[in-house]
Undergrad: 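Just passing along the structure, written as structure tokens.
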Amino acid sequence: MSRTRVVDALKTGQAGQTVDVRGWVRTRRDSKQAFSFVELNDGSCLANLQIVIDAAVPGYADAIKHVTTGASIAIEGEIKDSPAKGQRIEVHAKLLRVLGEADPLKYPLQKKGHSMEFLREIAHLRPRTNTFGAVTRVRNAASAAIHQFFQSRGFVYIQSPVITTSDCEGAGQMFQVTTLDMHKLAASGKPVNFELDFFAKPASLTVSGQLEAEIFATSVGDCYTFGPTFRAENSNTTRHLAEFWMVEPEMPFYELTDNMALAESFIKSVIGDVLKNCEADMAFFNERIDEKHELLSTLQNILDHEFIRLPYTEAVELLRNSGQKFEYQVDWGSDLQSEHERFLTEQHFKQPVILFDYPRTLKPFYMRCNDDGKTVRAMDVLVPRVGEIIGGSQREERLDVLLERMQECHLDPATYWWYVDLRRYGTVPHSGFGLGFERLIQLVTGLGNIRDCIPFPRVPKSADF
RNA sequence: UCCUCGAUAGCUCAAUCGGUAGAGCGAGCGGCUGUUAACCGCUAGGUUCUAGGUUCGAGUCCUAGUCGAGGAGCCA
């Protein structure tokens, strides 16, 4: 007999069927003389399967002692309609095997709730909780939805390199990659000779796959990357990770307005898919994670309305005339503070906002310059709860302007020779954006801290597991 | 990196003016019960984050550090 997953047993199981179910014990409630109730979870869904084990099961008296929270068991039994409220069906065990015990004195997970901080310290066990089981399934569903969105539109999935020797876009501090012996180097007191290093030059972990994606956008067409990126910034916030996953589509012949439209339908599509495919998990987040129980309505609101499109210059005007008191003053030419962004998306519009046409001085060299000479075709998508979830732009496709901009940003075109080549040979208008995957998970799950949106968070001073 | 707060039982926390370290939950045992975040009783469980210092006496005050949380900056 093959194993039945709990999700299938609960969904389609009918009284009279014999099943083999296996998983981990969440709780056990005893009726001393008669039988025990066991809540079995195998991770296939949020809900547990209730197992009834009575004294007639071979070895009951001995085995039941080891059926404790966290233990793994295998059950052969018969599905019956449950006489009590709380579940449609239950399994009456005929055979019980304890596969792996979990010493109740030592097993760290209790029946009752734990703080998120504590669970981070036991990241190897936290997927066994309701919350992290749900996060894991939602993260999976969102990944699938992302590929589905792009694949159904003919986008090509590109694997951009994790190790790079180009200081891409200066998007942030980079983690160095080396095989040089640091102890020897430090002891020798001599300067580092990178010619002796593995790649014969300084190498780092990537901060973005965008520049590589542009190569493929200008060859195979619409494409996207979806992979890990690394920032060695000393950021200690609820919205930053040193290692995070980023989705970066890049499209030839797209102007900024096309880029915005794609970003909007992308976010809506993924949220819609997750709501549809993870109903129970999403209901759980709405009930148990979001204190106000507004998660589902917030997400539905995002689906139901068109994103606001607001030029940076108008946003500055709006903020200045809002009557709202801000800690930081709003000036044209300086970046909006998160309090300003939050005001726009959470209080003023109460829905996602796409800000665009930023001052060129605030943005990197590759963004396309507008004719006004002051702004570039940049866009940021702001969402309630999370803030900036997408950053993107139309790329500068004109060789002369690009070179001028690189000079302005004190970048050496020789370092970016291959990137410049894309403008030298058959250049086309093109656009793209980057979406922080964990921030999307934050938005969808309602979790307050991004460290709970990735299985094993890497942040300053912490990279356990 | 900066600002604020915090670290006490397995977990979540309390401990008044500097004077014998407690509770709830969890766990063990017993009872009760088609139970379901079950319920009732009993029991065990402590290097009060680390290193110094002040004091007759420090969980409590001082100094330094480590780690955590929230906010800010940077960004996705």
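In what follows, every heavy atom counts, from backbone to side chain, and hydrogens, waters and symmetry copies are set aside. All chains are named by letter (A, B, ...) in the order of the sequence lines, taking the proteins before the strands, and each is independently numbered beginning at 1.
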Undergrad: Among residues at least two apart in sequence or on other chains, which ones pass side chain to side chain contact (heavy atoms under 4.5 Å, CB included) with A:E287?
TA: A:H293

Undergrad: Of the options A:E408, A:R377, A:R368, which is the one that meets A:R360 in a side chain to side chain contact (heavy atoms under 4.5 Å, CB included)?
TA: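 So the option named by the test is A:E408.
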
Undergrad: So which of A:F437, A:F226, A:F230 actually passes ring pair (Phe, Tyr, Trp, His ring centres under 6.0 Å) with A:W245?
TA: A:F226

Undergrad: Holding to salt bridge (charged side-chain N to carboxylate O under 4.0 Å, His left out), I want the full list of residues that pass it with A:D335, two or more places apart in sequence or in another chain.
TA: none

Undergrad: With the criterion being N/O to N/O and under 3.5 Å, what pairs connect the protein with nucleotides 46-49 of chain B, and how long is each?
TA:
none

Undergrad: Is A:Q110 side chain donor-acceptor paired with the B:rG10 base, going by distance under 3.5 Å alone?
TA: yes

Undergrad: Can you list the residues that meet the side chain to side chain contact (heavy atoms under 4.5 Å, CB included) rule with A:K268, with sequence neighbours excluded?
TA: A:E264, A:L303, A:F307

Undergrad: With sequence neighbours excluded, what pairs up with A:R29 under the salt bridge (charged side-chain N to carboxylate O under 4.0 Å, His left out) test?
TA: A:E39

Undergrad: Tell me: CE of A:M379 to P of B:rA76, nearest whole Å?
TA: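 Rounded to the whole Å, the gap is 12 Å.
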
Undergrad: Of all the choices, B:rG68, B:rG34, B:rA72, which nucleotide is nearest to the side chain of A:H92 once you look at every atom?
TA: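 Looking only at heavy atoms from C-beta outward on A:H92, the closest nucleotide is B:rG34.
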
Undergrad: Under 4.0 Å, counting only non-hydrogen atoms across every strand here, what does A:R120 touch: a base, just sugar-phosphate, or nothing?
TA: sugar-phosphate

Undergrad: With rounding to whole Å, what would you report as the distance between B:rA14 and B:rA7 at their C1' atoms?
TA: 15 Å

Undergrad: Rounded to the nearest Å, what distance is computed from the CZ atom of residue A:R239 to the P atom of nucleotide B:rG70?
TA: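 In whole Å, B:rG70 P and A:R239 CZ are 10 Å from each other.
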
Undergrad: Can you spot which of A:V444, A:T238, A:L443, A:L440 makes a side chain to side chain contact (heavy atoms under 4.5 Å, CB included) with A:V386?
TA: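 Of the listed residues A:V444, A:T238, A:L443, A:L440, the side chain to side chain contact (heavy atoms under 4.5 Å, CB included) partner of A:V386 is A:L443.
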
Undergrad: If the condition is salt bridge (charged side-chain N to carboxylate O under 4.0 Å, His left out), which residues does A:D281 pass it with, not counting sequence neighbours?
TA: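 For A:D281 the salt bridge (charged side-chain N to carboxylate O under 4.0 Å, His left out) partners, ignoring immediate neighbours, are A:R137.
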
Undergrad: Taking the side chain of A:F118 as its heavy atoms from C-beta onward, which of B:rC11, B:rG34, B:rA76 lies nearest to it?
TA: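 Minimum distance to the A:F118 side chain belongs to B:rC11.
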
Undergrad: Strictly under 6.0 Å, is that where the ring centroids of A:F149 and A:F155 end up?
TA: no

Undergrad: Could you go through A:N130 and A:L46, starting from their C-alpha distance and side-chain angles, then the distance that decides it, and tell me whether this counts as side chain to side chain contact (heavy atoms under 4.5 Å, CB included)?
TA: CA-CA 6 Å; A:N130 284 336; A:L46 184 76; 3.9 Å; yes

Undergrad: What contact category does A:F433 fall into here, base, sugar-phosphate, or nothing, at under 4.0 angstrom with non-hydrogen atoms?
TA: nothing

Undergrad: Using atom P of each nucleotide, how far apart are B:rC5 and B:rG10 to the nearest Å?
TA: 28 Å

Undergrad: Starting from P on B:rC74, measure out to CD on A:E233 and report it in whole angstrom.
TA: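 A:E233 atom CD is separated from B:rC74 atom P by 10 Å.
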
Undergrad: Check the distance between B:rG73's C1' and A:E327's CD and give it to me in whole angstrom.
TA: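 Between C1' of B:rG73 and CD of A:E327: 11 Å.
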
Undergrad: Could you check whether atom CD of A:Q159 has more than 12 heavy atoms from other residues, nucleotides or ligands sitting under 6.0 Å from it?
TA: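 Counting neighbours around CD of A:Q159, more than 12 heavy atoms of other residues, nucleotides or ligands fall under 6.0 Å, so yes.
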
Undergrad: Please determine whether a side-chain nitrogen or oxygen atom of A:T237 lies at a distance below 4.0 Å from atom OP1 or OP2 of B:rC74.
TA: no

Undergrad: On the nucleotide B:rC2, are OP1 or OP2 found under 4.0 Å from the side-chain N or O atoms that A:N234 carries?
TA: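 So the side chain of A:N234 is outside the cut-off, no N or O lying under 4.0 Å from OP1 or OP2 of B:rC2.
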
Undergrad: What I want to check is whether an N or O donor and acceptor connect the side chain of A:S235 with the base of B:rC75 at under 3.5 Å.
TA: no

Undergrad: Within a radius of less than 6.0 Å around CZ of A:R97, do more than 12 heavy atoms belonging to other residues, nucleotides or ligands occur?
TA: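 Result for CZ/A:R97: open.
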
Undergrad: When you match A:S338 and A:R451 each to their closest nucleotide on RNA chain B, which lands nearer the 5' end?
TA: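 Taking each residue's closest nucleotide, the earlier one in sequence belongs to A:R451.
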
Undergrad: Which range-with-range stems can be found for RNA chain B when each stem has 3 or more Watson-Crick or G-U pairs in a row and both distances sit under 3.5 Å?
TA: B:1-7 with B:66-72, B:10-13 with B:22-25, B:27-31 with B:39-43, B:49-53 with B:61-65

Undergrad: Within the structure shown, what part of the strands sits under 4.0 Å from A:N449 by heavy-atom distance: base, sugar-phosphate, or nothing?
TA: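 Touches sugar-phosphate only.
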
Undergrad: Could you tell me the separation between the CG atom of A:L440 and the P atom of B:rC75, rounded to a whole number of Å?
TA: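 So the two atoms are 21 Å apart, to the nearest Å.
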
Undergrad: Please pick, from B:rA76, B:rA69, B:rA72, the nucleotide with the shortest atom-to-atom distance to any side-chain atom of A:Q337.
TA: B:rA72

Undergrad: Does B:rC17 count as syn, meaning its glycosidic angle lies within 90° of 0, or as anti?
TA: syn

Undergrad: Under a 4.0 Å heavy-atom cut-off, which of residues 100-107 of chain A touch RNA chain B?
TA: A:P104, A:L105

Undergrad: May I ask whether A:F35 stacks on the base of B:rG34, given the cut-offs of 5.5 Å between ring centres and 30° between planes?
TA: no

Undergrad: Using a 4.0 Å heavy-atom cut-off, write out nucleotides 35-42 of chain B from 5' to 3' as B (base contacted by protein), S (sugar-phosphate only) or - (no contact).
TA: BBBS----

Undergrad: Looking only at heavy atoms, what is the nearest atom pair of A:E90 and A:P83, with distance?
TA: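 Smallest heavy-atom distance, with atoms named: OE2-CD, 3.6 Å.
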
Undergrad: Report yes if a donor N or O on one partner sits less than 3.5 Å from an acceptor N or O on the other, where the partners are the side chain of A:H114 and the base of B:rC11; otherwise report no.
TA: no

Undergrad: In terms of side-chain heavy atoms of A:K461, which of B:rG70, B:rA76, B:rC67 is nearest?
TA: B:rC67

Undergrad: Using a 4.0 Å cut-off on heavy atoms, which residues in residues 340-358 of chain A reach RNA chain B? List them by number, or say none.
TA: A:R342

Undergrad: Which letter, B, S or -, goes with each nucleotide of nucleotides 4-9 of chain B from 5' to 3', with contact meaning a protein heavy atom under 4.0 Å?
TA: ------

Undergrad: Nearest whole angstrom, please: distance from the P of B:rG70 to the CG of A:D452.
TA: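 Taking atom P of B:rG70 as the reference, CG of A:D452 is at 9 Å.
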
Undergrad: Side chains of A:Y366 and A:E214: do they bring a donor and an acceptor to under 3.5 Å?
TA: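 The criterion, which ignores hydrogens and geometry beyond distance, is not satisfied for A:E214 and A:Y366.
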
Undergrad: Just by distance, no angles: are the side chains of A:Y60 and A:S36 close enough, under 3.5 Å, to form a donor-acceptor pair?
TA: yes

Undergrad: So how far is it from A:D357 CG to A:M379 CE, rounded to the nearest 0.5 Å?
TA: 12.0 Å

Undergrad: Testing the 3.5 Å rule here: is there a donor-acceptor pair between the side chains of A:Y224 and A:Q151?
TA: yes

Undergrad: Looking at A:D42 and A:R22, is there a salt bridge between them, counting it only when a charged N and a carboxylate O are closer than 4.0 Å?
TA: no

Undergrad: Quick one: do A:E438 and A:R139 make a salt bridge, cutoff under 4.0 Å?
TA: yes

Undergrad: Quick one: do the A:Y328 and A:E339 side chains pair a donor with an acceptor below 3.5 Å?
TA: no

Undergrad: Answer with base, sugar-phosphate or nothing: what part of the nucleic acid does A:N236 contact at a heavy-atom distance below 4.0 Å?
TA: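 Base contact.
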
Undergrad: Grab the CG-P distance between A:D335 and B:rC74 for me, whole Å please.
TA: 6 Å

Undergrad: Among all residues two or more places apart in sequence or in another chain, which pass the side chain to side chain contact (heavy atoms under 4.5 Å, CB included) test with A:Q176?
TA: A:F194

